[in-house]
2 protein chains.
Amino acid sequence: MMNAMHYTRDNMAELLRSHDINPTHQRIEIAHALFSRQEHLSADQVMAIVNTRHSETSKATVYNTLRLFLDKGLVREVIVDPTKVFFDPNTSPHHHLYEIDTGRLSDIDAGQVRISGLPPLPAGMVTEGIDLIVRVRRKA
Amino acid sequence: MMNAMHYTRDNMAELLRSHDINPTHQRIEIAHALFSRQEHLSADQVMAIVNTRHSETSKATVYNTLRLFLDKGLVREVIVDPTKVFFDPNTSPHHHLYEIDTGRLSDIDAGQVRISGLPPLPAGMVTEGIDLIVRVRRKA
DNA sequence: CACCAATTTGGACTTTGTCTAATATCCGGA
DNA sequence: TCCGGATATTAGACAAAGTCCAAATTGGTG
Ligand SMILES: [Mn+2]
Ligand SMILES: [Mn+2]
Ligand SMILES: [Zn+2]
Ligand SMILES: [Zn+2]
């Protein structure tokens, strides 16, 4: 669960190992981009961040790595903008607030929120997750 | 709200007019595709349906028209699949059930569902909508 | 019919994401 | 240290969804 402190690259390596991911140079940089910011980032943004340093990580590797992180449960995917997927370093259950005009995406703690009265699932189905998105707009 | 009966093309023209949309041939066909099926359709699917007849409607027109319908509040957009947007002829408040493996998308009536405990909105913001998506998968 | 505004259209273009075959890196054993 | 195989990275071609624009069509009015 990573109990805070600084998001050093060493700690990123540690985090990756603890999720059964071989900590390569590129993977560490990508994890660092996400976790040090604690923000929702698109693949494009991740690539831009990682390549401002020097490391030169390819597009293929960025996409491969983000998918690997997803599979290993290190990050979460947020689908809220039809033009791109966001990757979320916060994997604890929470919801999202999406500002339509600006594209800003922020977390809503799941603590207080209660969702009740959902109908039973179709037989043979299991819930993979419940996404709650509050879409807001600046008042006219 | 369109109180049922048959979704004839004449009724579609009526519906469009009532939403302040000039009922052209192409627009009627697109509305008919959505409303006669009462399903969530992607732009691609709409185009395929409309063009199985004869009318030959261009891609540009399909996209233009769907956006027009959105603006006029005739249909709703559902963002649930990162690869395409779905258009929903059901504009009454409701939620969605998404079957991850198959891509099937179905409605959850908002009647029973209650969402409580959402934090107050940031100042100067108004809620445009609340999307609740239950993602399910076939049990392993 | 002639005119004008609204609508439609083909096709070029952009963006996001995928795929593949070649290369590079890493690691354990001889 | 050198080798061999597995793992990881890469460039760039490709695909799919969506946007844009200038040209052509349509449809009503005078
Ligand atoms: Mn898109
Ligand atoms: Mn896409
Ligand atoms: Zn989040
Ligand atoms: Zn729906």
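In the text below, chain A, chain B and the rest are named by the order of the sequence lines, each starting its count at 1.
- Atom pair B:L70:CG and D:dT19:P shows a separation of 11 Å (rounding to whole Å applied).
- Contact between the side-chain N/O atoms of B:T83 and the OP1/OP2 oxygens of D:dA16 is not found at any separation under 4.0 Å.
- Ring-plane geometry between A:H40 and A:H96 is classed as perpendicular, the angle between the planes exceeding 60 degrees on a 0 to 90 degree scale with a lower cut at 30.
- With rounding to whole Å, A:D81 atom CG is found 13 Å from D:dG18 atom C1'.
- When each of B:S58 and A:A43 is assigned the nucleotide of DNA chain C with its nearest heavy atom, B:S58 is the one assigned upstream, toward the 5' end.
- Checking A:N64 against A:T61 by side-chain atom types alone, no donor-acceptor pair falls below 3.5 Å.
- Listed by residue number, A:N22, A:T24, A:Q26, A:R27 are the residues of residues 22-32 of chain A with a heavy-atom contact under 4.0 Å to DNA chain D.
- Remark: A:R67 is not in phosphate contact with C:dG17, judged by side-chain N or O atoms under 4.0 Å from OP1 or OP2.
- In this structure, B:Y63 and A:N64 both approach DNA chain D, and ranking their closest nucleotides by distance from the 5' end singles out A:N64.
- Looking only at atom types and distance, the side chain of A:S92 has a donor-acceptor partner in the side chain of A:N90 under 3.5 Å away.
- The side chain of B:K84 approaches D:dA17 more closely than any other nucleotide in the set D:dA17, D:dT10, C:dG10.
- Between A:D20 atom CG and D:dT7 atom C1' the separation is 14 Å, expressed in whole Å.
- Here C:dG11 presents its P atom at 14 Å from CE of B:M47, a figure rounded to the nearest Å.
- Atom P of nucleotide D:dA8 and atom CG of A:L66 are separated by 15 Å, given to the nearest angstrom.
- Regarding A:D44, its CG atom lies at a distance of 10 Å from the C1' atom of C:dG17, rounded to whole Å.
- In this structure, the separation between OG1 on B:T127 and CE on B:M125 is 10.5 Å, given to the nearest 0.5 Å.
- To the nearest angstrom, P of C:dT16 lies 15 Å from CD1 of B:I79.
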ask   = Does the salt bridge (charged side-chain N to carboxylate O under 4.0 Å, His left out) test come out yes or no for B:R135 and A:E128, once each step is laid out?
value = CA-CA 5 Å; B:R135 287 173 199 275; A:E128 175 92 0; over 6 Å; no
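- In this model, no donor atom of one side chain and acceptor atom of the other lie less than 3.5 Å apart for B:D109 and B:H94.
- One finds no salt bridge joining B:D101 and B:R138 here, because no Lys/Arg side-chain nitrogen approaches an Asp/Glu carboxylate oxygen to under 4.0 Å.
- Atom CD in A:E56 sits about 16 Å away from atom P in C:dA24, given to the nearest Å.
- For D:dG18, its base sits under 3.5 Å from the side chain of B:K59 at one donor and acceptor pair at least.
- At the heavy-atom level, B:T57 lies under 4.0 Å from the strands shown only through sugar-phosphate atoms.
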